[in-house]
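By convention here, the first residue in the shown sequence is residue 1. Atoms within a ligand are numbered from 1 in the order they appear, just like the ligands themselves. The structure presented is a predicted model; accordingly, all values stated were derived computationally and were not measured.
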Amino acid sequence: MTSELVLDGVRLPGEAVLPGARGLSGPLGCLNEARFGIVFGAMGAALDCLETAIAYAADREVFARPLSSYQLTQEKLADMALELGKGLLLAVHLGRLKEAGALTPEQVSAGKLNNVREALEIARTCRTLLGASGITLEYPVIRHAVNLESVLTYEGTSEIHTLVLGKALTGIAAFH
Ligand SMILES: Cc1cc2nc3c(=O)[nH]c(=O)nc-3n(C[C@H](O)[C@H](O)[C@H](O)COP(=O)(O)OP(=O)(O)OC[C@H]3O[C@@H](n4cnc5c(N)ncnc54)[C@H](O)[C@@H]3O)c2cc1C
């Protein structure tokens, strides 16, 4: 038995794969759709992390007081809630632009770059609130953090989306 896949002579009509697509517009359009989904998905992961951290900090007692009663903890929670709220508003705004047929690839880049970056930062901060428990799979935070590390790289790395925005702002492509 061989696992080799022989594709000689196989033909796929273009319409069967991406109907109506010409050149690279089809594949690039697919990537744009996937990135748009990530704008929302990253916020879902961040929300789960934040809710977990809020519950954990309320339960966990340190120096005879709940962890959530300390100012440093509350600053972390407040900052994360702000970034989560801003990211969700950005996602909803991009969704409305998409529904209106006015969403540009650069705006999707802005959404993907911001929301994945901030979601990862939220996951990392939540992990600190859970202390050593934060590195175990007993809680979902480290799983989200590791997954978000992947999301930071796929569907356009954060560096490339930064360069997309740089080009939009300056008119100069700095990719190469
Ligand atoms: C979990 C996961 C799933 C994936 N799934 C898929 C998939 O389904 N299909 C698919 O095709 N690919 C997939 N990928 C691949 C992903 O798209 C690539 O890893 C990504 O594009 C980066 O390419 P690279 O790993 O070759 O890194 P490199 O291209 O070697 O880049 C390394 C680093 O250099 C940076 N860099 C590159 N060019 C520049 C530049 N001009 N200026 C400044 N910095 C630069 C990058 O941002 C990155 O930080 C997946 C990756 C992961 C992690």
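- Around atom CG of L169, more than 12 heavy atoms belonging to other residues, nucleotides or ligands sit under 6.0 Å away.
- Under the 4.0 Å distance rule, the nearest protein heavy atom to atom 26 (O) of ligand 1 falls outside the cut-off.
- Within ligand 1, the atoms closer than 4.0 Å to a non-hydrogen atom of S150 are 1 (C), numbered from 1 in the order shown.
- Within the model, atoms CE of M43 and CG of L89 stand 11.0 Å from one another, a figure rounded to the nearest 0.5 Å.
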Worked verdict on R124 versus H144 for side-chain contact (heavy atoms from CB on, under 4.5 Å): CA-CA 9 Å; R124 285 174 180 152; H144 285 307; over 6 Å; no

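- Ranking protein heavy atoms by distance to atom 18 (C) of ligand 1, first place goes to T153 CG2, 4.1 Å.
- V39 and L165 fall into different hydrophobic clusters, where Ile, Leu, Val, Met, Phe, Trp and Tyr side chains are chained together by heavy-atom contacts under 4.5 Å.
- The shortest distance between side-chain heavy atoms of Q74 and S68 does not fall below 4.5 Å.
- The atoms of ligand 1 that sit less than 4.0 Å from any heavy atom of L163 are 40 (C), 41 (N), 42 (N).
- Around CD of E61, the count of heavy atoms belonging to other residues, nucleotides or ligands within 6.0 Å exceeds 12.
- At a distance under 4.0 Å, no protein heavy atom can be found next to atom 6 (C) of ligand 1.
- Of the polar atoms of H176, none of the N or O atoms is found under 3.5 Å from an N or O of ligand 1, judged by distance alone.
- Atom 46 (C) of ligand 1 is flagged as protein-proximal [any protein heavy atom, distance under 4.0 Å].
- For atom 20 (C) of ligand 1, the nearest protein heavy atom is under 4.0 Å away.
- In terms of protein heavy-atom proximity, atom 3 (C) of ligand 1 is closest to Y154 CD2, 3.5 Å.
- V141 is not connected to I135 by any chain of hydrophobic side-chain contacts under 4.5 Å among Ile, Leu, Val, Met, Phe, Trp and Tyr, and they are in different clusters.
- Contacts with ligand 1 closer than 4.0 Å are made by side-chain heavy atoms of T157 only, the backbone lying farther away.
- Between atom 49 (O) of ligand 1 and the options E159, E155, E149, the minimum heavy-atom separation is to E159.
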Check against salt bridge (Lys or Arg N to Asp or Glu O under 4.0 Å), E138 and R143: CA-CA 10 Å; E138 191 180 345; R143 180 173 54 79; over 6 Å; no

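- For residues 99-115, the set of pairs meeting the side chain to side chain donor-acceptor pair (under 3.5 Å) definition, not counting sequence neighbours, comprises T104-Q107, S109-H161.
- Judged by the 6.0 Å and 45° rule, K167 forms no cation-pi pair with F175.
- Protein heavy atom nearest atom 39 (C) of ligand 1, with residue, atom name and distance: I160 CD1, 4.0 Å.
- The N/O atoms of F175, backbone and side chain alike, include one that comes under 3.5 Å of an N/O atom in ligand 1.
- In this structure, atom 1 (C) of ligand 1 is in close contact with the protein, since a protein heavy atom lies within 4.0 Å of it.
- Distances from atom 29 (O) of ligand 1 to the protein include no heavy-atom value under 4.0 Å.
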